[in-house]
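Model, not experiment: these values are computed from the prediction. Side chains included, hydrogens not; waters and symmetry mates left out as well; all remaining heavy atoms used. Chain letters run A, B, ... following the sequence lines, proteins first, then strands; residues in each count from 1.
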Amino acid sequence: MKTLENRHREQGFVLLVVYMVVVLISILAFVLFARSNAFAQANERNHNKIIAFNMAEAATDFALVKLAADSNYTGTSSYVSMDTGSVRGGFTVTVTTPQDNTSVRIIQTSGFSPSYVTTDRAYQTSSITTYVQLTSNPLFKYAIFAEDSIVLTDNDKFANVDSYDSRNGTYGANGNVSSDADIAVNSTAEEAIELEGTTLVEGDVYVGTGGNPATGIEIGKKAAITGVSSTLSEPAVYAAPSTSLASQGDKDVHGADEYLSAGAYHFSSLSVTSSLILTGSGTTTIYVDGSVNIAGLGIVSLDNKPPSLIIYVLGSDTVKVAGNGAFYGGIYAPNSKVENTGNGGIYGCVVSKTFDQNSNSSLHFDKAMADIPSNQNSNLSVTAWQEQNSLTWGTGN
Amino acid sequence: MKTLRKEDIAGFTIVEMMIVIALSSIITFGAFAILRVGTEQSQLSQTKMTLQDGVREALYKMVQEIRQSAPSRVTVGAGGNSLQFQVPDPTSLVNGSYTVNWAGAHTIQYALSNVQLRRTDTTTNRTSVIANDITGIQFSGNIAQPTLVTITVSAQRALTNGRQVPVAPLQMTAQAEVRNS
């Protein structure tokens, strides 16, 4: 005989069926969700893989720009984040120089997405190796370069500018004097270059890109040039010099002569009214923060080879070359006014902001200076490129 | 104890049973029909996604490898259905002067065989499958931009019921820019 209690037990069967249906639907939903999630993760990995590659490419471009400005660039010290909006990633760069070819740089870049943390979700990385050939621009190209203006001599004074090659002997020896002493400014202003008195420039004269040589170059009645008057095909770029050497303070040479052996020095200022004698073989490089004043017999080198002495002026203070002693060397002062008023003259070349040669002085451009490479503004050409990958795709199966 | 009366324990009539069976059948049939449609749609979606992933991966691999080549070392086959190019050996990328060591390069060919996109390293004579269900491939160069190679891949898969997915072949295009010279 069925009781009410039995009927209640029969209703439990419906509940069981409902539970089973719910469980089945849940399993189905879970499977569908898991599959969708797998596809979403695959898409995220693909997305990140492309970002990682582009980060590595961006890092290569970054390194090329850095190398163009500084051939001694060695890479990033740590991970560089490039997160922007929904794109997350970054890169690292390492630049090395092979021992057997110092004009080659090996750039190794790694791109990461979403970051360099390998445990990040959908982490991807890509690595690129690029070989670059470096062709350094010369540190000096012109006898005189000034960013803004060049003024050569006052009335009835001469300020000759010519050229020679110290590799073929001293100035005037072996007939090595020539007419390759080009002078140039970046400025396109009127009378950016003024040649007065009996000045003779034995070379070409250039005003800035887009300028007008007819108005940019003022040649006095008694002045002359042997070359052409023209415009620069592109602006000349002379980066501000820098050094990691610690400054040794002011260098004042007055009264007794002083000696300086070949090497690199960093002074706050340089003032010579007697003689600073360079000794030893090799190049002497002097970095000066402030003013430079060379008078008396000036800086005396034993071989009188201009490439053996280069003065870099880090700031914008004036550089004066006066006195009776000749100056043999290069002056790299792209932010300074340079005055050449001594009777001895300059044997070498000058890079300046403004150049003023206003007495019976002269400048003899040494063509050997044009072979001194610059660490800056190098020309780069990519000689080989390779993307590293975990697949043996290059020659693989 | 409360007892049930006789009419309380009476069974179902035949008519009631028939109605219940008929309704149950309709509900079951409907449920299966809905489930079948859902399964088919799911299968379609999955097939499309699988095709897309396969084609995308194939394009990625091809572009990745073509990038290693140089403009003068890429040849598009007749009709644009195949591509032959050289890639430097990754274990010997540069020579003594730090330029690409083309002397040790391998020659790679991409071509379609039935519905398989195949890669053959003709230097080692090894072949591998890059992607399946490929119905067409087109390679093209550009004289104005010789560093660019354009690849268009079409894919379609036949289900067990004979239905083609997608109805029109899925088409994806990618460009590879060769980096070496």
Side-chain angles (χ1 to χ4, degrees), chain A residues 1-7 21 24-25 28-29 31-32 35-36 38-43 45-47 49-50 52-53 56-57 60 96-98 100-106 108 124 126-134 381-397, chain B residues 1-6 8-9 31 35 38-39 42 45-46 48-50 52-53 56-57 59-70 87-102 104-108 119 121 123-124 126-130 174 177-181:
Chain A
M1 189 169 62
K2 269 190 175 178
T3 64
L4 276 174
E5 192 178 344
N6 286 341
R7 290 196 69 184
V21 169
L24 282 172
I25 291 172
L28 188 64
V31 169
L32 288 173
R35 202 164 63 187
S36 299
F39 276 114
Q41 285 184 348
N43 280 334
R45 281 195 298 273
N46 279 330
H47 181 67
K49 191 156 61 177
I50 292 167
F53 171 73
E57 283 268 85
T60 304
T96 55
T97 305
D100 60 343
N101 192 337
T102 54
S103 66
V104 170
R105 297 290 181 274
I106 304 170
Q108 288 174 303
Q124 293 292 314
S126 175
S127 297
I128 291 173
T129 302
T130 308
Y131 289 79
V132 177
Q133 180 74 45
L134 230 79
S381 57
V382 174
T383 58
W385 183 96
Q386 184 183 56
E387 180 186 2
Q388 314 287 312
N389 58 74
S390 57
L391 301 170
T392 52
W393 200 252
T395 57
N397 302 320
Chain B
M1 188 175 74
K2 186 180 178 182
T3 58
L4 294 172
R5 289 175 300 175
K6 189 178 180 182
D8 287 338
I9 56 172
L35 195 62
T39 307
S42 172
S45 304
Q46 189 177 352
K48 281 183 188 174
M49 283 195 282
T50 306
Q52 279 180 346
D53 274 1
R56 189 181 294 127
E57 187 67 18
L59 283 170
Y60 184 85
K61 285 178 176 177
M62 286 191 287
V63 166
Q64 191 177 45
E65 192 168 37
I66 293 168
R67 275 199 290 254
Q68 320 280 333
S69 194
V87 289
D89 187 332
T91 60
S92 176
L93 174 62
V94 293
N95 53 30
S97 57
Y98 292 98
T99 55
V100 177
N101 177 24
W102 290 113
H106 286 220
T107 302
I108 310 295
R119 169 192 184 273
D121 184 336
T123 306
T124 59
R126 289 166 127 172
T127 298
S128 56
V129 177
I130 299 176
E177 183 179 9
V178 296
R179 300 295 205 278
N180 283 310
S181 56

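Interface residue B:D53: only side-chain heavy atoms are found under 4.5 Å from chain A. Proximity to chain A (any heavy atom under 4.5 Å) is shown, for B:S42, by both the backbone and the side chain. In this structure, chain A has heavy atoms under 4.5 Å from both the backbone and the side chain of B:V100.
Paired with A:W385 under the rule side-chain contact (heavy atoms from CB on, under 4.5 Å), one option of A:T129, A:I128, A:V132 passes, and it is A:I128.
Nearest heavy-atom pair across B:T124 and B:H106 is CG2-CE1, 3.7 Å. Scanning all heavy atoms of the two residues, the minimum distance from A:Q386 to B:P90 falls at NE2-CA, 2.8 Å.
Checked for salt-bridge contact, B:E65 and B:R119 meet the test: a charged N lies under 4.0 Å from a carboxylate O.
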